[in-house]
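Worth knowing before you read on, the calculation uses all heavy atoms, side chains too, and leaves out hydrogens, waters and symmetry mates.
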Amino acid sequence: SAVWRAQRSAVRGAVAQIEPDGTAVLVYRPGRFTLTRFRHRLIPATVPGLPVEPVPPVADALADEVEAFLATQPDPARPGHDPTGGRGRGRGEDG
């Protein structure tokens, strides 16, 4: 059944957390997923009518880093800006 395949795929993607007393607990990533057709992997899914899960803090931190990096780069919309760095049109094409 589809539920059994999803559970099996979740177990393959889980990691074992070893507790101080020596017991092992499987740790899963919570959320909503769909099962891929061919490799039977779980991929994140959005379900119409249900709330979208919040963005994880890691994604927020990465977005902040990307924004800070882009702020240090030259503005490509600036007149006279050559995005190829003076190398022509790219891909070996001439004029």
Closest approach of [X] and [Y], non-hydrogen atoms and distance?
| X | Y | answer |
| --- | --- | --- |
| Thr34 | Ala45 | N-CB, 3.9 Å |
| Leu35 | Ala6 | CD2-N, 4.0 Å |
| Ala24 | Ile18 | CB-CD1, 3.8 Å |

Hey, what do you get for CZ (Arg8) to CG (Leu42), rounding to the nearest 0.5 Å?
->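 Rounded to the nearest 0.5 Å, the CZ-CG separation comes to 12.0 Å.
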
Calculate, to the nearest 0.5 Å, the distance between atoms CD1 and CZ belonging to Ile43 and Arg32 respectively.
->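 It is 15.0 Å, given to the nearest 0.5 Å.
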
Could you check Glu19 against Val25 for side chain to side chain contact (heavy atoms under 4.5 Å, CB included), going step by step and ending with a plain yes or no?
-> CA-CA 7 Å; Glu19 300 294 333; Val25 177; 3.8 Å; yes

Neighbour count above 12 (heavy atom, 6.0 Å) for Glu67 CD =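 No, not enclosed.
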
